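Because the structure is a prediction, the values reported are computed rather than measured. Values below: all heavy atoms of this structure, side chains included; hydrogens, waters and symmetry mates excluded.
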Amino acid sequence: MDDLLSSLNPAQQEAVQHYEGPALVVAGAGSGKTRTVVHRIAYLLRERRVYPGEVLAVTFTNKAAGEMKERLARMVGGSASDLWVSTFHSAALRILRVYGEYVGLKSGFVVYDDDDQTTLLKEILKELGLEAKPGPFRAMLDRIKNQGRGLSEFLREAPEFIGGVPKELAGEVYRKYQAGMRAQGAVDFNDLLLLSIQLFEEQPGVLAKIRQRARFIHVDEYQDTNPVQYRLTRLLAGLAEGGTGPNLMVVGDPDQSIYGFRNADIHNILDFTKDYPGAKVFRLEENYRSTESILQVANAVIEKNALRLEKTLRSVKAGGEPVRLYRAPNAREEAAFVAREIVKLGQYGQIAVLYRTNAQSRLLEEHLRRGGVPVRLVGAVGFFERREVKDLLAYGRVAVNPLDGINLRRILNTPARGIGASTVGKLVEQAQRTGQSLFEVLRQAEGLLSRPQPVQAFVELLEELLEAAFETGPAEFFERVLDATGFREALKQETDGEERLQNIEELLRAARDWEEEEGGSLSDFLDSVALTAKAEEPQKGEAPPEASVTLMTLHNAKGLEFPTVFLVGLEENLLPHRNSLSRLEDLEEERRLFYVGITRAQEKLYLSYAEERETYGKREYSRPSRFLEEVPPELLKEIGAFGDTAVPVMAYTRPEPKPKPSLGEFRGGERVRHPRFGQGTVVAALGGEVTVMFPGLGLKKLALKFAGLEKID
DNA sequence: TTGCCAGCAATTTTT
DNA sequence: TTGCTGGCAA
């Protein structure tokens, strides 16, 4: 069974063999973090005779959870299905679906996403006669709930005005929000965690039961936990028993903590050894991802931070091409440069362009498309967030939980059925006055409206759907909604009707797929959608994603890697962002963001900045990012506008002839260098594969994508 | 009830 | 610059 260890480096091996008690794995970027956790779990099962039903692994994203499950299945086979691998939020939801009544939840409760949350907030602001925008109040909600403190505690330290409203009144908004959520049988993402904590604190019996399913706990990306997740983890881990502390292994990298603005607290990981005395610390510092040149830049940048645990990434891939720096006269030229360079490189699927703010994507996309480069924009509007998809889903939410007033309002006149704003107003007002649910009021429309027919017809429709919700799976249910409401026909009338229709069909397909793979009720489907919202983005485009250049924010890039990375807009006020300049903690988070961007690159890294950029239609002059000055100049190679030649930067306008052959053009007879095997001669190149003769090693078939081959003359 | 236009604000956003 | 909201006219 030592195949569990033989493929690992010494530090990884030690972490994998850790048995009982708390442990912190400080896992640098590209150091084989997931691999280590997966092997550790396998090791527990095989060598320590731990039951799969006693292992919990928590991640932040569904993607990470999915990946871990998959790798575990490959590693330990069938018993993987007994392991509990999930996100914080789905774990909490699963618990609350079973024990929710202990904390006052009704059985059909729904999970509200950001959008629903904002709608409810707006409604409350209106009800209180406030003109304010919901934004600041959303932030207030998040702060109160993410920190897991009460309202009064928050108010004590809050500024006098929130969103232009005295803080006492803002507090009233919060109270109304909470009451509104409960009355509608709704919870938000934060509630999932907060109510789980409440459940555990009030019901020791339940906690004890859950703990049996979680005797060995792993928390991934621990640097991104907020105070609520911290407390939940602590509760699950329990107190030290008889010498050995809790069997809690947290994994993360303080240098990649970039969600402070979401109330993630880097101190959770920094202080782990104080919180859990006797914790063992394992450091994974060997980086398998990036070349030495790239890591040198990364290390130089991050060591300027004070809030960190000492750590230096060592590269396994020695050498590598120098990191290139390009200075553009303006943002347009920067985008043009990126596009030109990418066209030269080819292999679009291996390239990512990363930026600080979404607004930067536009110019880049424009120039790339103009150059005939297919583009994949990550993190635009998520599929489940499209209006028409949300509309259809709202029918499901209401059918499962008729108390859900927000979603009921959403579908009341969607598609239009003659229930206009004034009618809706009357109905909602009546509901507020009498304290009845909106659904209840709809049923009594006759006495309230002069022309109740449309509402009555709608109520009838709803009642049918309520029944359908019990009888059918999600796919069939949505079909019925579409048929009964004339949804498709209504969409066809709209401007983007065709596209929206396609999205509807996509939802049906997703529902059918889900029934096949997971199976379950409409309610289960809605749960899974609520917790996945952003993840799935069916790509229907000209080119498949693997042939497209990826464009995304630095935040979205965390956890990913690409052979070639362009990091653009490295300017003061952009990275670091203007709003993060005043506090040192914020500035360090910006630096980490830069660091995360750098460490995404495997082989080639381009940095760029523009001396002039239009912001909101106004021209602004910018200075290069202070982070660039932190990089020793000898680690960077400044390049001119036409690419990779040592042209003085000032000469960016001078046409530069000599195009460099792009990666991927290998021919027989050519001399190449491989990061591990050294020098060799190309024997054959076919598709994405090259066969190379290495003296002393023989013939090697290499995937171009991963090999990191370099031509030498 | 719908549709259009002026006015305004504008990081990042795993769940 | 864009994209959304609220107010008002048809």
Side-chain angles (χ1 to χ4, degrees), chain A residues 58-66 86-93 111-115 117-118 122 126 131-136 138-139 142 145-146 187-193 220-221 223-226 228-229 256-264 331-332 354-363 366 378-379 381-382 384-385 413 416-425 451 454 493-495 527-535 552-560 569 573-581 586 589-590 592-594 596-597 613-620:
Chain A
V58 190
T59 63
F60 273 81
T61 68
N62 293 298
K63 202 172 148 206
S86 111
T87 64
F88 268 109
H89 291 84
S90 20
L93 179 57
V111 182
Y112 271 13
D113 62 19
D114 290 11
D115 217 48
Q117 237 178 312
T118 309
K122 279 191 204 159
K126 210 162 156 194
E131 293 277 303
K133 298 240 143 153
R138 283 277 337 252
D142 274 349
K145 299 183 108 171
N146 277 325
V187 297
D188 59 32
F189 289 134
N190 293 322
D191 286 332
L192 290 172
L193 307 183
D220 193 18
E221 307 278 14
Q223 78 280 357
D224 288 331
T225 48
N226 67 25
V228 174
Q229 287 151 345
Q256 294 183 69
S257 166
I258 55 174
Y259 283 97
F261 69 96
R262 295 271 276 127
N263 297 299
R332 203 165 290 280
L354 310 181
Y355 37 81
R356 175 70 237 261
T357 70
N358 280 120
Q360 293 170 256
S361 69
R362 168 172 259 156
L363 271 181
E366 216 176 277
V378 177
V381 200
F384 290 110
E385 283 160 18
N413 198 35
R417 51 171 73 88
I419 307 177
S422 68
T423 311
V424 174
R451 207 171 55 87
Q493 307 296 314
E494 294 186 19
T495 20
D527 276 355
S528 105
V529 168
L531 297 179
T532 326
K534 266 257 148 90
M552 62 187 156
T553 62
L554 288 163
H555 282 91
N556 270 318
K558 201 176 83 173
L560 304 179
N573 292 325
L574 206 48
L575 186 70
H577 194 271
R578 50 165 45 82
N579 298 354
S580 302
L581 300 177
D586 293 347
E589 181 151 318
E590 297 289 306
R592 291 193 289 268
L593 216 35
F594 185 35
V596 165
R613 176 181 300 274
E614 278 190 7
T615 328
Y616 313 138
K618 259 206 321 274
R619 208 204 283 209
E620 269 184 12

Subject >> Rounded distance [0.5 Å steps], CZ in Phe88(A) versus CG in Asp220(A) >> reply: 9.5 Å

**OP:** State the syn/anti category of dT12(B) according to its glycosidic angle, syn meaning within 90° of 0.
**Re:** anti

**OP:** Figure out the CG/P separation between Asp113(A) and dT14(B), and round it to whole Å.
**Re:** 12 Å

Original post:
With centres under 5.5 Å and planes under 30° as the test, does His577(A) stack with dT11(B)?
Top reply: yes

Original post:
When you check the gap from the basic side-chain N to the acidic O, do Asp224(A) and Lys558(A) get nearer than 4.0 Å?
Top reply: yes

Original post:
Which of the following nucleotides, dT15(B), dT14(B), dT12(B), is nearest to the side chain of Thr87(A)?
Top reply: dT15(B)

**OP:** Determine whether any donor atom in the side chain of Arg356(A) lies under 3.5 Å from an acceptor atom in the base of dT11(B), or the reverse, and answer yes or no.
**Re:** no

Original post:
When you check the phosphate oxygens OP1 and OP2 of dT12(B), does a side-chain N or O of Asn358(A) lie under 4.0 Å from one of them?
Top reply: yes

Original post:
Just checking Glu590(A): base, sugar-phosphate only, or nothing, at a heavy-atom cut-off of under 4.0 Å?
Top reply: base

Original post:
Between Glu590(A) and Arg356(A), is there a side-chain N and carboxylate O pair less than 4.0 Å apart?
Top reply: yes

Subject >> Which nucleotide in dT15(B), dT12(B), dT13(B) has an atom nearest any side-chain atom of Asn556(A) >> reply: dT13(B)

**OP:** Look at the side chain of Asn413(A) and decide which nucleotide, out of dT2(B), dT11(B), dT12(B), has an atom nearest to it.
**Re:** dT2(B)

Original post:
Listed by chain and number, what are the salt bridge (charged side-chain N to carboxylate O under 4.0 Å, His left out) partners of Glu620(A), not counting sequence neighbours?
Top reply: Arg578(A)

Original post:
Are Gln229(A) and Phe60(A) close enough, and set up right, to give a side chain to side chain contact (heavy atoms under 4.5 Å, CB included), and what steps lead you there?
Top reply: CA-CA 10 Å; Gln229(A) 287 151 345; Phe60(A) 273 81; 3.6 Å; yes

**OP:** Keeping the roles fixed (side chain from Thr118(A), backbone from Asp114(A)), state whether a donor-acceptor pair exists under 3.5 Å.
**Re:** yes

**OP:** Measure from the side-chain heavy atoms of Phe189(A) and tell me the nearest of dT13(B), dT15(B), dT14(B).
**Re:** dT15(B)

Subject >> Contact boundaries on DNA chain C for chain A, cut-off under 4.0 Å to non-hydrogen atoms >> reply: dT1(C) to dT5(C)

**OP:** May I have the distance from Arg592(A) (atom CZ) to dT12(B) (atom C1'), rounded to whole angstrom?
**Re:** 13 Å

**OP:** Return the 5'-most residue of the pair Tyr616(A), Tyr259(A) with respect to DNA chain B, ranking by each residue's nearest nucleotide.
**Re:** Tyr616(A)

